[in-house]
There are 2 protein chains.
Amino acid sequence: MTSSTSSATPSTPAAPRPAETTAVGATPAPAAPRPAPFAPVGRIPVVEVSPVLEDGRWPAKGTEGEAFPVRATVFREGHDAVAATAVLVTPDGRDHSWAHMVDIAPGLDRYEAWLTPDRPGTWGFRVEGWSDPYGTWRHDATIKVDAGVDVELMLTEGALLLERAAARELPAAAARVLRDAVAGLRDAGRPAPARLAAGTAAEVRAVLAEHPLRDMVSPSATYPVQVDRERALVGSWYEIFPRSVGAHRDAATGEWVSGTLRTAADGLGRIAEMGFDVVYLTPIHPIGMTNRKGRNNTLEARPGDPGSPYGIGAPEGGHDAIHPDLGTFADFDHFVARARQHGMEVALDLALQASPDHPWVTEHPEWFTTRADGSIAYAENPPKKYQDIYPLNFDNDPEGIYAAVRDVLEVWVAHGVTIFRVDNPHTKPLAFWQRLLAEFRQTHPDVLFLAEAFTRPAMMRTLGAIGFHQSYTYFAWRTGKQEIGEYLMELAYETDARLRPAFWPTTHDILTPYMQQGGAAAFAIRAVLAATGSPTWGIYSGYELVENVARPGAEEQIDNEKYEYKERDWSRASSLGVADLLGKLNAVRRAHPALQRLRNVHIHPTDDDQILCFSKRLTAEQSPTGQEDTVIVVLNLDPYTTRQTLLHLDLGALGIAGDAHAPWPVMAASDELGGETYLWGSDPFVRLAPHSRCAHILSVRPL
Amino acid sequence: MTSSTSSATPSTPAAPRPAETTAVGATPAPAAPRPAPFAPVGRIPVVEVSPVLEDGRWPAKGTEGEAFPVRATVFREGHDAVAATAVLVTPDGRDHSWAHMVDIAPGLDRYEAWLTPDRPGTWGFRVEGWSDPYGTWRHDATIKVDAGVDVELMLTEGALLLERAAARELPAAAARVLRDAVAGLRDAGRPAPARLAAGTAAEVRAVLAEHPLRDMVSPSATYPVQVDRERALVGSWYEIFPRSVGAHRDAATGEWVSGTLRTAADGLGRIAEMGFDVVYLTPIHPIGMTNRKGRNNTLEARPGDPGSPYGIGAPEGGHDAIHPDLGTFADFDHFVARARQHGMEVALDLALQASPDHPWVTEHPEWFTTRADGSIAYAENPPKKYQDIYPLNFDNDPEGIYAAVRDVLEVWVAHGVTIFRVDNPHTKPLAFWQRLLAEFRQTHPDVLFLAEAFTRPAMMRTLGAIGFHQSYTYFAWRTGKQEIGEYLMELAYETDARLRPAFWPTTHDILTPYMQQGGAAAFAIRAVLAATGSPTWGIYSGYELVENVARPGAEEQIDNEKYEYKERDWSRASSLGVADLLGKLNAVRRAHPALQRLRNVHIHPTDDDQILCFSKRLTAEQSPTGQEDTVIVVLNLDPYTTRQTLLHLDLGALGIAGDAHAPWPVMAASDELGGETYLWGSDPFVRLAPHSRCAHILSVRPL
């Protein structure tokens, strides 16, 4: 396990250096020993505060209007009562709101409260532990008066305490309640239990809950929370290759005619009708000719093959140019304007790589890697080479490359792009992204960046933590009931401070075996799960047509429009039903704020190993509408077979008070897809047929 | 869950205050919004470093000579090789040693290495992530040369890389290895595979492991580790009530004659013979008369009852005085001197509470709590009162009480006390202890404090984290096989940076049902487990006599010497065998450094639900002797029945290389209690009889 030696390692960043040249004996004369660091524990200890990233050096993620949980371990010496408050601090440093923390793990002294920032910015929060003299008195007095011990003394001490509480600046009604309690405690003409009751009555406790008497208030550090606008968390995305929208074969020549930004703009109405609010464009820049890829990822393009839009750069320009076949900046502006008319934002791909024909290759060869033979390095995954792509090298001229990328982004922001979908951010240095994202949060706080990283957890979480607003996820590969449930919980409660998830059933790169094999039912099932399981979901064009044939040996579409034009006949969509479902799902999402939140999911057991049941809920206080909102999703994950089961609903998680087990109806559950309303107890029966009704999405009203 | 409101909460510490007086609208004019905090991610990201307590504000615990694990999540962009180094930093800020970190959770990018501080002080550590150009080249070149891709280019790039490596300041032999490799790579007369082999040979890799070529070195923050002297971790304690040692009834009067510090000193030889190295004295101060407790915790003492030594304070003095029956400071000095002659340190109880007769009560009534009727508050657990004890109130005059306690401690330190066993630290403010411990770490770095807190986990862990050197644990109540195994793992790998455990099978306050019922076998079993399961263990006087009768309704000894004199006939001990066992256990502990360490335990499965098997191991590098040391403990936890089982040993955890499953002998296991040597494979058979042989403690030598 260990290979400790006694040599020292210098730590100059980057660049070659002689290693282990400094033996311990040769180090400079020692300075005075440091004293132990002394960070005072509070009078009431508050430790293990969460969410805290990297010792508080990086902000946790928050979203305007979404409550986030604050947790801390709070306890005290001896037996007196302790309590804790979570305080939300605005970007300009003022206390904004507070919440009483509740003990969520009795015996472990773990407390929690939820706070809701209401606008973007760098907020803060802290936890205050405090001594609760009223709680102490109430506990002790109740026992001692009952036991006849120190009776008069306890009543006197209660009166003194409530006098102190009433002497504070309080609403008149609250002060009156406390003064009445004091009078009751001091009324020697009444029996002791009645006097005690005057001091412990529900209205007294309510006043002291609203206006707690807090002694020895001990604040934690204030930790940062980066709050972004709602679209960072919530959105319905639709992906298109603009050249495909309106592409067609010329009737005369039989040659392909590219779609354009104008024809793509004409296609926006169809997308908007389904209720999407972000339209995402794959790269729209000139495409290189050198080593251009042919159809189905073949190594040699035939004449007329349009090439991959990810092979960016040609004599016509690079990342700040528009492919001549697609149109001009005026056409792009038209596209953006039309999208806005339809209530949609425009997201643009940012794929930081170059075709060999990219202007950067000749203008800035230092932005690429030059090999020992003087050639520029292709992208490779040894022994494979991708000769249509040169990866950027961010280390030779980091300032130059940073400025170039920033300038590219400024061009598109100036033309109305508000979201960038960043292709493969995990192949570029994180320090580059962190700097870029911090600058854009300052200069363009509304601009969002989505990380398209499908890689190991540490990288994915850290990309979120250093500033990406949103992240693709492992969703496409989570198809089993248990793994889906665990993943929903992980995203909602483990990684929620680091990344905001996007659920995409397919993309132009991803067509899983489940989607290849499950027919239209699989497309419906995964659409329901994506739309309800995550506040952001995304659909890749053609989903409505159940495009589920893969290129042999690959988990992506055959005849992939990455490498060719794709003309689609949308009239076929209505018979498949998927387009209709997508529209319904977006409508349900819009109607239910609970579906627009991340940290509110709850998994309910079912007896069938393919029927998944989860709920999302907002209390009235957490909901933007001021009304509580509870949705149950019941989904048959099996695209082949009708299944039935009992659900075992956790009524508490649904906001339904009373018995945990209720054989009688306790809720009206209205299906937002089918329109039926069921009267359900805690263990209802469901039956779901993959082709006609794969899911219930139920709006819950307690009876 | 949430009760967020829009009122603000001020946070002035301590003292009554009007709550929620500042409405949000009334707060001062906002300052400029803060930018997001920007703490740069390294070029090679290093995150989630451990051990880090409270964001690095509190030091983790380390012990001189004990290796501690450093962990971090380290990864990088793209596919090039990444590596990490853990660096240990001395108290005066110099790099002391380093260790190559290994990936302990492939796929999760979690790395670990062990570092060993070699003297007390506030050390530091950091993690350096770095790019490994040799690792990258070796990986790519091996694949590409084999595939015939870029062969000459890869060989050239390897030569250039190793030339760079050889150009550093290196031992001559190492440089020669690298230069030879360069020559081999460049030798165009040889076939490509042979040239490649010259660059990837084992000796080249060995040189680069010892002298890594590190690019883009990216250090984490440097985090603190408070390193204490070895006795903070390792010790064999023996507890006595000094008044009992030598106590006897006067033959003439029939009255009790108290033991004294002189007679207690005479008893030290017996304790030292058993191999203990700390003798712990319950309080030796004058005992109050007011409400003095009688025998068996009765409320009224009879004449001659000596009272509880925890009822501290009488007209003769308080915490800085010696009970007249025990002797004088000269007698105390004699006791300390005799203990030292026997190689033992003296630990003294520190019980910060007062009898009503304590001088502080009249001199400093403000150090206690005065109730509404003017009386001083007794200790209580409502409705029970403990009228022989006034608890201190640390909030009225914190400076005065702090100075008084410090002065008390200085008295005892001046008279040779090097360890304080702190009674009920969890009933006093943690801020008080933190300050006191920080001061004594400065003024008397050799003085240790043991926290006697039997309470909830958060308090126990935090007492350790704020500075207590050692902690009592839940050991006495962990009696089942699985819970013992889990507890050993928790202490070794979860709470190890926060607290150092002490295992006591019994104390003067604790006699669990297991000990009451299991006879001498239970005493033997728990002694073995305490002595081998924890680097520090402790025995309460009388253990050798199997004093296992409880006061009815209590889990402590009947006729408890807290309330009376106890004369013991040690001659009976030999027939019971426990004293002999204690001596053997201390001898085994002394012979095996592996038993003197905390973070090196491994649990091995057995087929019997009462036979526990664990091992402790130090590599030669970690061991103070320079020899590897491996001990297997096999223990029958059932005090009533002979049991037998197969063990299923994890050979890797025992330092035995080769097959995981070995039906043939792979080790010689010598029983340190019985003397036999067994030749064992991976799944040996054992049979353990509780009364004759409850355990094997086996020294392991690989064959």
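Throughout, protein chains are lettered first and strands after them, A, B, ... in sequence-line order, and every chain is numbered starting at 1.
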In terms of heavy-atom pairs under 4.5 Å with chain A, the winner among R371(B), E54(B), K144(B) is R371(B)
Checking heavy atoms, do the side chain of V46(B), its backbone, both or neither come under 4.5 Å from chain A? backbone
Quick one: which of Q434(B), M459(B), E380(B) has the most heavy-atom pairs under 4.5 Å with chain A, could you say? Q434(B)
So which residue, A465(A), P429(A), P133(A), ends up with the most heavy-atom pairs under 4.5 Å with chain B? P429(A)
Heavy-atom cut-off 4.5 Å, strictly under: side chain, backbone, both or neither for V41(B) against chain A? both
Are any of the side-chain heavy atoms of F75(B) and T455(A) separated by less than 4.5 Å? no
For chain A, which candidate among P391(B), A221(B), A431(B), A209(B) shows the most heavy-atom pairs at distances under 4.5 Å? A431(B)
Portion of L430(B) that has a non-hydrogen atom of chain A nearer than 4.5 angstrom: both
Could you tell me the separation between the CD atom of E77(A) and the CZ atom of F394(B), rounded to the nearest 0.5 Å? 9.0 Å
Please rank D373(B), I466(B), L53(B) by heavy-atom pairs under 4.5 Å with chain A and give me the top one. D373(B)
Given heavy-atom pairs under 4.5 angstrom as the criterion, report whether the side chain, backbone, both or neither of P40(B) touches chain A. both
How close do G107(A) and R456(B) get, heavy atom to heavy atom, and via which atoms? O-CD, 3.2 Å
Results of side-chain hydrogen bond (donor to acceptor under 3.5 Å, both in side chains) for K385(A) - residues two or more places apart only: D150(B)
Chain B contact via A147(A) - side chain, backbone, both or neither, heavy atoms under 4.5 Å: side chain
Heavy-atom pairs under 4.5 Å with chain A - which of K428(B), E152(B), H79(B), R76(B) has more of them than the others? K428(B)
Qualifying residues under salt bridge (charged side-chain N to carboxylate O under 4.0 Å, His left out), relative to R110(A), sequence neighbours excluded: none
D55(A) versus Y223(B): any side-chain heavy-atom pair under 4.5 Å? yes
Using a strict cut-off of less than 4.0 Å between a Lys/Arg side-chain nitrogen and an Asp/Glu carboxylate oxygen, indicate whether R43(A) and D395(B) qualify as a salt bridge. yes
V47(A) versus chain B, heavy atoms under 4.5 Å apart: side chain, backbone, both or neither? both
Could you check which of V149(A), T73(A), D109(A), L108(A) has the highest count of heavy-atom pairs closer than 4.5 Å to chain B? D109(A)
